[in-house]
Amino acid sequence: MIILGIETSCDDTAASVLNGEKNHLTILSHLISSQMTTLKKYGGVVPEVAARQHVTNIIPTIKAALELASVKPAMIGAIAVTAGPGLITALRVGVQTAKTLAYAWNKKLIGLNHIEGHIYASWHKNPNLKFPALCLVVSGGHTQLILMKGHDNYRLIGQTRDDAAGEAFDKVAKLLNIGYPGGPRIQKLAQKGNQARFNFPRPMLKEKNYDFSFSGLKTAVLYFVKKEIAAKKLPLNDIYDICASFQQAMVDCLVEKTIKAAQDLKIKSIILAGGVAANLPLRQQLESSVKTYLKGVSFTTPPFELCTDNASMIAIAGYYHAKRKHFSDWKTLEPDPNWELV
Ligand code: KG4
Ligand code: ZN
């Protein structure tokens, strides 16, 4: 079955075409029209600007994705679209477009949760992932540990009590004035830094729960930077060391809590998902900790291009919904900016 995936929950307009046959998934096209240059001007996402860009980009992006895949509308089995969570102005463009195409082309429609899309990106190359799986979802808006006992069977195990991991990366990058989005910038500068130089806090590690908290960590960086800037110094080397020390504190918190939850819950697979899953030190440390502390447990994370927001992950999740005949009604599907998966 061929699935057209559409994603417009935040600042990227994305369209992908996927062919799924008996769990064998092939991405035929994967396009992202990024608003990065527009948003750089504002230092972040401005909902109204994002929505206008989506309106401009959505049809050309879908048209190009279909052409690249050599797929005609008649060949499409279903249209999968992100219906939430996200910015309402942005979601509305994708959902309305998907509804219109589903009506005009007489196609099945699937309204999907964005976080479910992030999780399902791992099924692209691993159709036989074993349950129960523990998903660490780390993105710009979410930091959650989700227990997945089967398809469509999710339970929230822990989550951040304040900032999401990606949000903390972005805020620290902003106060260091190193650009947006913060995660990739911090990772790059951290390569030149000493991660042991600053002993930033690792909040909640000793607590007997699976929750996270990153605002204290962010504030610790803020105090240090303010003090240094007041003294009119913050040499490049300090920025490298702050990036490396901050990133290491984040990675330690995420990895330790995930391993602890996996041990307690006796799970069979660990899935790392969301934009922050693109962080190389996080991928490496989690993978090696799974090998060391969780014998017989598999570790899966999508390739980099499927970690940050994209439409292939929506098409993949859509394929698994279509297999179970979970479809939405185009007359009633509406975007829900606050739709939580769990
Ligand atoms: O999943 P995503 O693309 O969008 C949301 O659903 O929020 O995640 C975006 C977040 C941003 O906060 C960005 O800074 C972070 O993912 N991110 C990274 C890296 N690449 C993207 N964080 C750390 N290291 C990276 N390499
Ligand atoms: Zn996302």
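Just so you know, ligand 1 is whichever comes first in the structure, and atom 1 is the first atom listed for that ligand. This one's a predicted model, so the numbers in the text were calculated from it and none came from an experiment.
Ion pairing of Lys171 with Glu167 is present here, as a side-chain N (NZ or NE/NH1/NH2) and a carboxylate O approach within less than 4.0 Å. With respect to Arg283 and Glu287, no salt bridge is recorded, no charged nitrogen being found less than 4.0 Å from a carboxylate O. Ion pair Asp238/Arg197 flagged as a salt bridge, since at least one NZ, NE, NH1 or NH2 atom sits closer than 4.0 Å to an Asp/Glu carboxylate oxygen.
Ranking the protein heavy atoms by distance from atom 18 (C) of ligand 1 puts Gly183 CA, 3.5 Å first. Closest to atom 9 (C) of ligand 1, if we only count protein heavy atoms, is Gly140 N, 3.8 Å. Among protein heavy atoms, atom 3 (O) of ligand 1 sits closest to Asp309 N, 3.0 Å. For atom 26 (N) of ligand 1, the closest non-hydrogen atom on the protein side is Gln187 OE1, 2.8 Å. Protein heavy atom nearest atom 21 (C) of ligand 1, with residue, atom name and distance: Gly275 O, 3.4 Å. For atom 15 (C) of ligand 1, the closest heavy atom belonging to the protein is Val276 CG2, 3.9 Å. The protein heavy-atom contact nearest to atom 11 (C) of ligand 1 is Asp170 OD2, 3.6 Å. Regarding atom 24 (N) of ligand 1, its nearest protein heavy-atom neighbour is Asn279 ND2, 3.0 Å.
The main-chain N or O of Phe327 is never found under 3.5 Å from a side-chain atom of Lys108 such that the two would form a donor-acceptor pair. Panel note: side chain Thr26, backbone Leu28; no donor-acceptor pair is recorded below 3.5 Å. Using modelled atom types, one side-chain atom of Asn310 and one backbone atom of Thr308 make a donor-acceptor pair closer than 3.5 Å. Between the side chain of Thr8 and the backbone N or O of Gly94 there is at least one donor-acceptor pair closer than 3.5 Å.
Here the options are Asp162, Asp170, Asp163, the test is side-chain hydrogen bond (donor to acceptor under 3.5 Å, both in side chains), and the partner is Lys218; only Asp163 passes.
Of all atoms in ligand 1, numbered sequentially from 1 with element shown, those under 4.0 Å from a heavy atom of Gly141 are 7 (O). The distance from ligand 1 to the heavy atoms of Gly182 drops below 4.0 Å at these ligand atoms: 14 (O). The Thr308 neighbourhood of ligand 1 comprises atoms 3 (O), 21 (C), with distances under 4.0 Å to a heavy atom of that residue. The contact set between ligand 1 and Ala278, taken as ligand atoms under 4.0 Å from a residue heavy atom, comprises 20 (N), 26 (N). Counting atoms of ligand 1 from 1 in the listed order, those under 4.0 Å from a heavy atom of His118 are 1 (O), 6 (O).
No close placement of the Tyr319 and His124 rings is indicated, their centers lying 6.0 Å or farther apart. Centroid-to-centroid, the aromatic rings of Phe131 and His151 come within less than 6.0 Å.
Side-chain contact annotation: Gln159 with His142, donor-acceptor N/O pair under 3.5 Å absent. Tyr210 and Asp264 form a side-chain donor-acceptor contact under 3.5 Å, judged by distance and modelled atom types alone.
Between Gly166 and ligand 1, at least one N/O pair is under 3.5 Å apart.
With a 4.0 Å cut-off on non-hydrogen atoms, His142 does not touch ligand 1 at all.
Put simply, part of His114 is less than 4.0 Å from ligand 1, judged by heavy atoms.
Within a 6.0 Å radius of NZ in Lys72, other residues, nucleotides and ligands contribute 12 heavy atoms or fewer. At most 12 non-hydrogen atoms from other residues, nucleotides or ligands lie less than 6.0 angstrom from NZ of Lys63.
Listed by chain and number, the protein N, O or S atoms at a distance under 2.8 Å from the Zn ion (ligand 2) are His114 NE2, His118 NE2, Asp309 OD1.
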